[in-house]
Q: 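Got a structure here, written out as C-alpha cells. Questions coming.
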Amino acid sequence: MVKKTILFFLLLLSATSFSQIGGKYVYQFLNLAESPRQAALGGKTVTVVDFDVNQAFYNPAAINAEMHNRLSANYGSYYGEVSYGTAAYAYTYDRHLQTFHAGISYINYGTFEGRDELGNLTSDFTGSEAALSLGYAYNLPWTDMYIGANAKLISSTLESYNSWGAAIDLGFLYIDEPNDINYGFTVRNIGVQITPYEDTREKLPLSIDAGISQLMENVPIRWHMTFENLQQWNIAFSNPNRAEGSLDGGSEEEKVSFFNNALRHVILGAELFPDKGFNIRLGYNFRRSEELRILEQRHFSGISVGFGIRFGKIKLDYSYSRYTVAANTSLFGLMIDLN
C-alpha cells in the first residue's frame, strides 16, 4: 500500500512538470495565504500538524482528531478595495473514520467604474470569487504516514461574466515522532474550468510543494522549510529595471543565476513557543523578495511576521506581510474551540 501511494505521487509529479506559473491561470485567489499563521510563516507551509483547522487548506493530510469541533474565520485587506477571507470547520465522527474538514475561501475585488469604448461612464460593476472545499485524511495502517484530499467547487463572477470550476488537492505527510520531524508533500488545484467566462477554458493554478519542519531539542522553536512551485524549475524572470547597459548603447537583460532561481523555490519560517498559548512567527519568501525588490533601496520585501494568543477556548492570530514599499498586507484570524 505504501509503495503504491509513493508511486502514485511520483507519476503525478512527472505528469505535471511542464506547468507554468504567474499570470497564466484562472482562479488565482486559490493561492492566497489562507490564515495569519500561514502568512506569517511565509506561505504554503505544508508541515504544520496540530489543532489548527486552517492547515487543511494547504495540506489535507494534516487533518486530524485534534481539530475536532474547531471553527476558524480569517479576514484580510489586500490592495485597494480588495478583501478576502476564509472559514474552516472540522468534525471527528469517530476514531475509526477519523476527521472530516469543510472550508470556504472568497475574495472581493471591490467596485469598478464601467466605461464604453469611447471612455464614457456606463455603470459600476464588481467582481468576486469563492471556493467551497471538503477534505478527509487517512492514516496508512501500521505507519506514521498520512494521505489526504480536498475536493473543491469554485465560483467566479467578474462583471457580467461567470465561471464555474472544480479541483482537488492531494496531500502526503510523514511524522517522525522520535526526532520531531515532519515531512509534507502536496499537489494542489488539480482541476478544470467547467464553465468558462466565454468560449475558452483556462488552466487552474496548479502548485506542487514539499516541506520539512522540526521542533528543536533545546529551544522552543519549530522551523519550517518549504519548496514551492516544484512543477516548474525556471520560475525567474528578467526584470527590465535591472537591465545593464552595453557598449553599443543598448541594454542587456538581467541574467538570473542557477542559484538565484533555485532560491526562489524556497520559503523559510520559524515559530517560537509552537505548543504554548502565545506564539511568535517569522517567515521569509525568497521569490517574493527577488520579484518585488527595488534597486538601491532597502525594501525588506518577502519578510512576514505574526503572532498568536489564546484566551481559554478562543485563539487570535495576526500576520503582517511585506510586499513593497507602497503595499503590505495584514491578516486577522479567530479560532474557537466548540468542544
Side-chain angles (χ1 to χ4, degrees), residues 1-2 4-6 8-9 30 33-38 41 44-74 85-105 131-153 166-177 180-191 209-211 213 215 222 224 271 274-275 277 279 308 310 312-315 317 333-339:
M1 179 64 182
V2 175
K4 290 181 179 179
T5 302
I6 295 174
F8 169 75
F9 278 113
L30 294 174
E34 303 284 1
S35 71
R37 188 181 190 184
Q38 276 284 348
L41 292 174
K44 292 190 174 183
T45 303
V46 298
T47 49
V48 173
V49 185
D50 55 22
F51 59 83
D52 187 352
V53 71
N54 296 296
Q55 181 58 20
F57 284 117
Y58 269 96
N59 189 351
I63 299 172
N64 63 82
E66 287 188 56
M67 298 179 181
H68 171 61
N69 215 20
R70 294 180 187 269
L71 175 68
S72 74
N74 308 290
T86 65
Y89 176 75
Y91 184 81
T92 302
Y93 183 76
D94 61 33
R95 290 287 174 174
H96 176 68
L97 288 176
Q98 298 189 19
T99 306
F100 296 90
H101 180 275
I104 186 171
S105 57
L132 175 66
S133 67
L134 296 174
Y136 176 73
Y138 179 72
N139 180 201
L140 299 178
W142 305 293
T143 73
D144 293 319
M145 300 182 183
Y146 300 80
I147 56 175
N150 287 328
K152 297 188 285 193
L153 180 64
I168 60 171
D169 303 333
L170 301 176
F172 172 81
L173 191 65
Y174 173 65
I175 301 176
D176 181 1
E177 290 190 6
D180 285 319
I181 301 177
N182 299 336
Y183 302 88
F185 180 82
T186 63
V187 184
R188 300 176 59 247
N189 304 323
I190 309 168
D209 309 306
S213 70
L215 181 64
R222 175 172 284 278
H224 301 264
E271 188 169 27
D275 300 322
N279 325 109
R310 186 166 54 208
K313 294 189 175 184
I314 297 177
K315 185 168 187 180
D317 291 285
L334 173 67
M335 188 185 306
I336 302 175
D337 182 359
L338 301 176
N339 294 297

Q: Return the minimal non-hydrogen interatomic distance between Ile147 and Phe172, and the atom names on each side.
A: CG2-CD1, 4.0 Å
Q: Sequence neighbours left out, what passes ring-ring contact (aromatic ring centres under 6.0 Å, His included) with Phe57? Give chain and number order.
A: His101
Q: Sequence neighbours excluded, which residues qualify as salt bridge (charged side-chain N to carboxylate O under 4.0 Å, His left out) partners of Asp337?
A: Arg70
Q: With sequence neighbours excluded, give me every side-chain hydrogen bond (donor to acceptor under 3.5 Å, both in side chains) pair touching residues 53-63.
A: Gln38-Gln55, Asp52-Asn54, Asn54-Ser72, Asn54-Asn74
Q: Tell me, please, which residues at least two apart from Tyr183 pass side-chain hydrogen bond (donor to acceptor under 3.5 Å, both in side chains).
A: none
Q: On a heavy-atom basis, which atom in Leu134 and which in Ala102 lie closest, and how many Å separate them?
A: CD2-CB, 3.9 Å
Q: Taking only residues two or more places apart in sequence or in another chain, which ones pass side-chain hydrogen bond (donor to acceptor under 3.5 Å, both in side chains) with Asp176?
A: Asn179
Q: Between Thr45 and Asp209, is there a side-chain heavy-atom distance shorter than 4.5 Å?
A: no
Q: For the side chain of Asn182 and the backbone of Ser213, is there at least one donor-acceptor N/O pair under 3.5 Å apart?
A: no
Q: Provide the closest heavy-atom pair for Thr143 versus Leu140 in the form atom of the first, atom of the second, distance.
A: OG1-O, 2.8 Å
Q: Please give me the minimum heavy-atom distance between Asn150 and Gly135, naming the atom from each residue.
A: OD1-CA, 3.1 Å
Q: Taking the side chain as C-beta and beyond, is there a heavy-atom pair between Val49 and Leu173 under 4.5 Å?
A: yes
Q: Is the side chain of Asn139 donor-acceptor paired with the backbone N or O of Met145 at a distance under 3.5 Å, no angle test?
A: yes
Q: Can you give me the closest heavy-atom contact between Pro60 and Ala149, atom names plus distance?
A: CB-N, 3.5 Å
Q: Are Tyr136 and Phe100 an aromatic pair, judged by ring center distance below 6.0 Å?
A: yes
Q: If we ignore hydrogens and angles and just use 3.5 Å, is the side chain of Lys313 paired with the main-chain N or O of Leu338 as donor and acceptor?
A: no
Q: Would you kindly say whether His224 and Thr47 are connected by a side-chain donor-acceptor distance under 3.5 Å?
A: yes
Q: List for me each residue that meets salt bridge (charged side-chain N to carboxylate O under 4.0 Å, His left out) alongside Asp50, sequence neighbours excluded, and say none if there are none.
A: Arg37
Q: What's the shortest heavy-atom distance between Glu34 and Leu30, and which atoms?
A: OE2-O, 3.9 Å
